[in-house]
Amino acid sequence: MDLKNFAVFFALMLWQSDGSEMLTSVDPPTNLQVIDPGHLGPLHMHWQAPVSLADKKLCVRYMLSYCNVNSTNCKRVITKQLEYTDGFNFNEEIIVKVRTLVKEQCKSMMELQSDWVEKTYRPPMEGHAGSKVRDLQCIVYNLEYMECLWQNGMNALYGTDYTLYYWHEELEQTMQCNNYIKHQGRIVGCHFQSDDLIEFSDFNICINGSSELGPVRPAYFTLQLQDLVKAAAPDQVKLTLSTAETISIQWEPSASKLKPHCLKYEVQFRGKSSDWETKVISEGVTSTTLNATAGAIYCVRVRAAVNMFCADDSFWSDWSSLQCFTVRSEGGDNETIQLNNLTKLIVLIFLVSITLTLSLSTIYCWVRWKRLIAKKKLSALLNDNVKHIKKCINIDY
Ligand SMILES: *[C@@H]1O[C@H](CO)[C@@H](O)[C@H](O)[C@H]1NC(C)=O
């Protein structure tokens, strides 16, 4: 007997040493069933203990492994129960596996595993893949109602009428949409009222349909509605001048079921001809400030979204209506004092040249005028003399 075999033998001796029978293998569970209660996602799995363990006092557990047929990311669960329920993606076949795990005592280390037993569940999947609706887009408006819209299948059969069914854990049974959204006479979406909505729980949707030309492939979706919220635009955006160079911006969250601490904001502002600048406002705060220049016009808008403390994701609200504000130029003096050196130099040169030009032209004009006057006086004098001479001559005759 070599050392390795001896170790195994020794371990088996220990296993046996407190009186129970020696176990070297264990059977898989029996009668694995996968039941669809018709809730568009949840499956109920149950099984029975292997007969060979019937009246033995052992520590028995079961390991479940389940996923969609092409998925490599299977979920594993260990339970002492003979049943388990979870939500599934019904768009593909589902494979459920279970096996027995046995220990002599729950605290001991050595555990035996059985082989797997396996069951495949095939959700209703009639019709060809191209008949299935695409791009379901659901938005929960302000936690008040939800609208879901979809696109027809890539190769939708002519004259397909779609129908939407939904289920969540507060409903006894699957419900059909009772307020369809239509476009050009065809159903393209569903409107859900606030009573239909549930947060932090799977919201399962199945959109199937019928066509005279053949079956329509159902499409399944599982949503978390708290991650699909679009808040209403913030209200009452107010701008005030808090100091000569600071505009204070304040707003109110729009009245809704959304808690104020669940909102975050984005503020955008721009001067008269500049681009939008964006400021992200930390959670729950409803004011901010903006540096302003006297005489300028500023326009501001604000939008809201659910923050990361209340959901994993959200949509931005629409922008609030634009608020504009003119900073009065009482601070105009301030502004000129703050001209930079280059501007000062240019202004100085400009002023000096204006002064020079003005004074030179004044002098020039004055000189011209003086000369003109002098000329006039001279000619007047000459004229007088001529008249005088003529007079004298006349007298002499
Ligand atoms: C569509 O799905 C619902 C819910 O699963 C089902 O009750 C209904 O019979 C299906 N309709 C068609 C036409 O397959």
Side-chain angles (χ1 to χ4, degrees), residues 32-46 66-71 75 83-96 119-140 145-225 228:
L32 170 63
Q33 304 273 331
V34 177
I35 314 263
D36 178 2
H39 294 159
L40 314 175
L43 288 179
H44 184 62
M45 301 159 269
H46 66 83
Y66 50 87
C67 53
N68 288 107
V69 67
N70 292 321
S71 167
K75 226 165 160 180
E83 60 182 356
Y84 198 77
T85 302
D86 202 358
F88 286 85
N89 171 2
F90 272 21
N91 291 298
E92 280 183 284
E93 278 181 17
I94 289 151
I95 293 179
V96 176
K119 196 107 194 172
T120 303
Y121 177 74
R122 205 178 137 79
M125 244 184 257
E126 64 281 2
H128 67 88
S131 64
K132 184 171 162 175
V133 300
R134 291 168 301 148
D135 302 338
L136 181 76
Q137 266 259 0
C138 295
I139 300 180
V140 181
Y145 64 96
M146 173 165 78
E147 270 181 15
C148 291
L149 296 171
W150 60 80
Q151 304 287 319
N152 275 8
M154 207 74 110
N155 298 305
L157 300 167
Y158 177 76
T160 301
D161 275 325
Y162 290 111
T163 39
L164 181 147
Y165 292 85
Y166 65 99
W167 183 85
H168 56 71
E169 65 180 14
E170 286 178 3
L171 294 175
E172 298 254 308
Q173 60 190 35
T174 303
M175 308 285 284
Q176 199 192 146
C177 173
N178 67 3
N179 193 357
Y180 283 110
I181 300 170
K182 292 188 177 177
H183 180 67
Q184 294 174 346
R186 298 234 86 93
I187 291 173
V188 295
C190 180
H191 179 104
F192 297 87
Q193 286 162 338
S194 74
D195 297 349
D196 298 327
L197 308 180
I198 185 170
E199 287 183 277
F200 300 100
S201 182
D202 284 353
F203 191 96
N204 297 327
I205 289 179
C206 166
I207 304 171
N208 57 14
S210 58
S211 154
E212 284 169 12
L213 297 179
V216 173
R217 172 77 63 94
Y220 297 91
F221 306 89
T222 297
L223 312 176
Q224 290 283 317
L225 302 194
L228 301 171

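Here the structure is a predicted model, which is why all the values come from computation and not from measurement. In each ligand, atom 1 is the first atom listed, and ligand 1 is the first ligand listed.
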Undergrad: Looking only at atom types and distance, does a side-chain atom of Thr160 sit under 3.5 Å from a main-chain N or O of Gly209, one as donor and one as acceptor?
TA: no
Undergrad: Nearest to atom 4 (C) of ligand 1, what protein heavy atom do you find, and at what distance?
TA: Tyr165 CG, 3.8 Å
Undergrad: Has the side chain of Arg122 got a donor or acceptor atom that lies under 3.5 Å from a matching backbone atom of Ile94?
TA: no
Undergrad: For atom 9 (O) of ligand 1, is the nearest protein heavy atom under 4.0 Å away?
TA: no
Undergrad: If you measure every N/O of Thr174 against every N/O of ligand 1, is any gap under 3.5 Å?
TA: no
Undergrad: Give a yes/no verdict on whether any heavy atom in Leu40 is under 4.0 Å from an atom of ligand 1.
TA: yes
Undergrad: Report, in ascending order of atom number, the atoms of ligand 1 lying under 4.0 Å from any heavy atom of Glu126.
TA: 14 (O)
Undergrad: Hey, can you tell me if Tyr84 and Tyr66 have their rings parallel, tilted or perpendicular (30° and 60° cut-offs)?
TA: tilted
Undergrad: Taking side chain as C-beta onward, heavy atoms only, is Asp161 less than 4.5 Å from Arg186?
TA: yes
Undergrad: Give the atom numbers and elements of ligand 1 that come within less than 4.0 Å of a heavy atom of Gly209.
TA: 13 (C)
Undergrad: Out of all atoms in ligand 1, which are within 4.0 Å of some heavy atom of Asn208? Include the element for each.
TA: 1 (C), 2 (O), 3 (C), 8 (C), 10 (C), 11 (N), 12 (C), 14 (O)
Undergrad: Does Gln176 come within less than 4.0 angstrom of ligand 1, counting non-hydrogen atoms of the residue?
TA: no
Undergrad: Heavy atom of Pro124 under 4.0 Å from ligand 1?
TA: no
Undergrad: Within a strict 4.5 Å, meaning less than it, do heavy atoms of the Asn68 and Glu93 side chains meet?
TA: no
Undergrad: Decide yes or no for Leu197 and Phe192: does some side-chain heavy atom of the first lie under 4.5 Å from some side-chain heavy atom of the second?
TA: yes
Undergrad: Going by the angle between their ring planes, with limits at 30° and 60°, are Tyr166 and Phe203 parallel, tilted or perpendicular?
TA: parallel
Undergrad: What part of Thr163, side chain from CB on, backbone N/CA/C/O, both or neither, has a heavy atom under 4.0 Å from ligand 1?
TA: neither
